[in-house]
Amino acid sequence: MDIGVIGCGYVGLVTGACLAELGHSVICVDSNDRKIEMLKMLKPPIYEPGLSTLLEKNKKRLTFTTKISDAVKGAPVIFIAVGTPSKGSGDADLSQVENVVSEIAGCMDSYRLIVEKSTVPVQTGMKIKSVMEMRVKGIPFDVASNPEFLREGTAIDDFLHPDRVVIGVETGKAKDIMKKIYEPISAPIIFTDIKSAEIIKHASNSFLATKISFINAVSIVCELAGANVEEVARGMGLDRRIGDRFLNAGVGFGGSCFPKDISAFRRISDKLGYKFNLLKETERINELIKKKFVEKMEEVLWNLNGKIIGVLGLAFKPNTDDMRSAPSIDIINGLLEDGARVVAYDPVAMGNAKEVLPEIDYKNDIYEVANGADCLVILTEWDVFRNMDIQKVKNLLKTPIIFDGRNIFEREKMEELGFIYIGVGV
Ligand code: UDX
């Protein structure tokens, strides 16, 4: 099929490349000239394992342009994957979606299926429909909701081998088109109405974030009681109704989705007449866990003023260069406020980190960070940190103290090696 994808950000680009991999011809649109120029040379403007290879492999089925009209003229199906950032109020800012829809309507000359791919609050489909109706003057169209569940770092696999594909439609025609698009994918396809599809996305992400905040709250109780949250999570996770995934205690969740989606879901629930206070608590715990981590450092190191803190890991999670809402930002700012000097290393996120954390010293590897530092702090669980030469690190540190914000090491082993080890809830 011919498909247009508007927006070459994370979601749009992965969606475009994967739809091409499924055999479709895809016209990818972005208003940013520089991005499109890079993409024409098959260089992805974001870091995602496998994306470059996928673009190269499917280059004959991929076109890149800055004009929405090229996509609308060339394809009967248009996926909208533009940004829906948070406004100061926590509401999703849907102005990019509205602008794109108006532009699509302005250059349509026959039936088009408009697919919402960006994460949007429930009832956005309805609003897209009314903007279209006002502008297309009688030309037939359908709207569908097809939320993405991609995780950064494994986005391609998540797209091509998903747990499920969720599609909200209102007509048989739209359903048939969507069925055809996803035919090569062997996963259950959930066809539902548009509003339910929209809520599936917000509810799924909010549920996962709540699961993380839940285990982080349990980690606080474990610390107070002298229990071990890793053991607790293992014991809970073996119950198949609970499951062991997203039950890792740490310094909290970040990224481009969870923080934004929870607040958008809370705001839309509010507007509809229900105060979703559970989600407010999920957010509060996520802030609290970072504060407590800095407090633990103050307790052990006493005065942070003038101390050199070696930080390993800045990205909000491993295998990505994404710094959006990364817990490292709040934690490092907390340390800087207390007068500490921070030296840091991340395998891929340092370029982006320099923009949000300009005051810290960036180093070339783990050992440069450890050299002369008063302690080591792990904020992202990259494999290279798990496999570091721990003896060498110990010799380089001024004092052998590790604050492990992702529980990648075991307390007993670290203590045997002569470290003062402080994890989360262990
Ligand atoms: C998430 C959703 O998983 C995905 O379905 C959606 O489409 C986009 O948002 P992503 O933001 O890429 O994906 O990251 P994810 O792997 O879900 O992790 C989110 C955050 O939670 C990270 O900061 C991670 O470190 C944290 N996390 C995750 C925990 O602290 N503990 C866990 O057990 C799991």
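Quick note: numbers below take in every heavy atom, side chains included, and nothing from hydrogens, waters or symmetry partners. Whatever order the structure lists ligands and atoms in, that order sets their numbers, starting from 1.
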Exceeds 12 heavy-atom contacts within 6.0 angstrom, atom CD of Glu359:
yes

Using a strict cut-off of 4.0 Å, indicate which atoms of ligand 1 neighbour a heavy atom of Lys201.
6 (C), 7 (O)

Near Leu247 (heavy-atom distance under 4.0 Å), the atoms of ligand 1 are 33 (O)

Do Lys392 and Tyr367 form a cation-pi contact, if we require the NZ or CZ to be under 6.0 Å from the six-membered ring centre and within 45 degrees of the ring's axis?
yes

Contact with ligand 1 for Gly255, non-hydrogen, under 4.0 angstrom:
no

How far is atom 31 (N) of ligand 1 from its nearest protein heavy atom, and which residue and atom name does that atom have?
Asn248 O, 3.0 Å

Closest protein heavy atom to atom 28 (C) of ligand 1, given as residue, atom name and distance to 0.1 Å:
Ile212 CD1, 3.5 Å

Shortest non-hydrogen separation from Ile366 to Met388 and the atoms involved
CG2-SD, 3.5 Å

Is the NZ or CZ atom of Lys175 both under 6.0 Å from the centre of the six-membered ring of Phe191 and within 45° of that ring's axis?
yes

Nearest protein heavy atom with distance in Å, relative to atom 6 (C) of ligand 1
Leu150 O, 3.3 Å

Consider side-chain hydrogen bond (donor to acceptor under 3.5 Å, both in side chains). Of Gln96, Glu116, Lys260, which one does Thr84 pass it with?
Lys260

So with a 6.0 Å cut-off around CZ of Arg234, is the heavy-atom count from everything else above 12?
no

Do me a favour and list the nearest non-hydrogen protein atom to atom 18 (O) of ligand 1 with residue, atom name and distance?
Lys317 CD, 4.0 Å

Give the residue, atom name and distance (to 0.1 Å) of the protein heavy atom nearest atom 20 (C) of ligand 1.
Phe253 CB, 3.6 Å

Donor-acceptor side-chain pairing of Asp193 and Ser196 below 3.5 angstrom:
yes

Is the closest heavy-atom distance from Lys211 to ligand 1 below 4.0 Å?
no

Polar contacts were defined as any N/O atom of the residue lying under 3.5 Å from an N/O atom of the ligand; does this apply to Gly254 and ligand 1?
yes

Are Glu198 and Lys195 ion-paired here, with the side-chain N under 4.0 Å from a carboxylate O?
no

Write out the residue and atom name of the closest protein heavy atom to atom 9 (O) of ligand 1, then the distance separating them to 0.1 Å.
Cys257 CB, 3.0 Å

Close approach, Gly250 and ligand 1, non-hydrogen under 4.0 angstrom
no

If you count every heavy atom of other residues, nucleotides or ligands that lies below 6.0 Å from Glu368 atom CD, does the total exceed 12?
yes

Under 4.0 angstrom from ligand 1, any heavy atom of Ala249?
no

Any idea which atoms of ligand 1 are less than 4.0 Å away from a heavy-atom of Glu148?
7 (O)

Where is the nearest protein heavy atom to atom 30 (O) of ligand 1: which residue, which atom, and how far?
Arg406 NH1, 3.3 Å

Taking the six-membered ring for Trp, are Phe276 and Phe265 parallel (under 30°), tilted (30 to 60°) or perpendicular (over 60°)?
tilted

If you count the non-hydrogen atoms of other residues, nucleotides and ligands that lie under 6.0 Å from NZ in Lys296, is the total more than 12?
yes

Atoms of ligand 1, numbered as shown, that sit under 4.0 Å from any heavy atom of Glu152
12 (O)

Identify, for atom 34 (C) of ligand 1, the protein heavy atom at the shortest distance, and state residue, atom and that distance.
Phe246 CD2, 3.5 Å

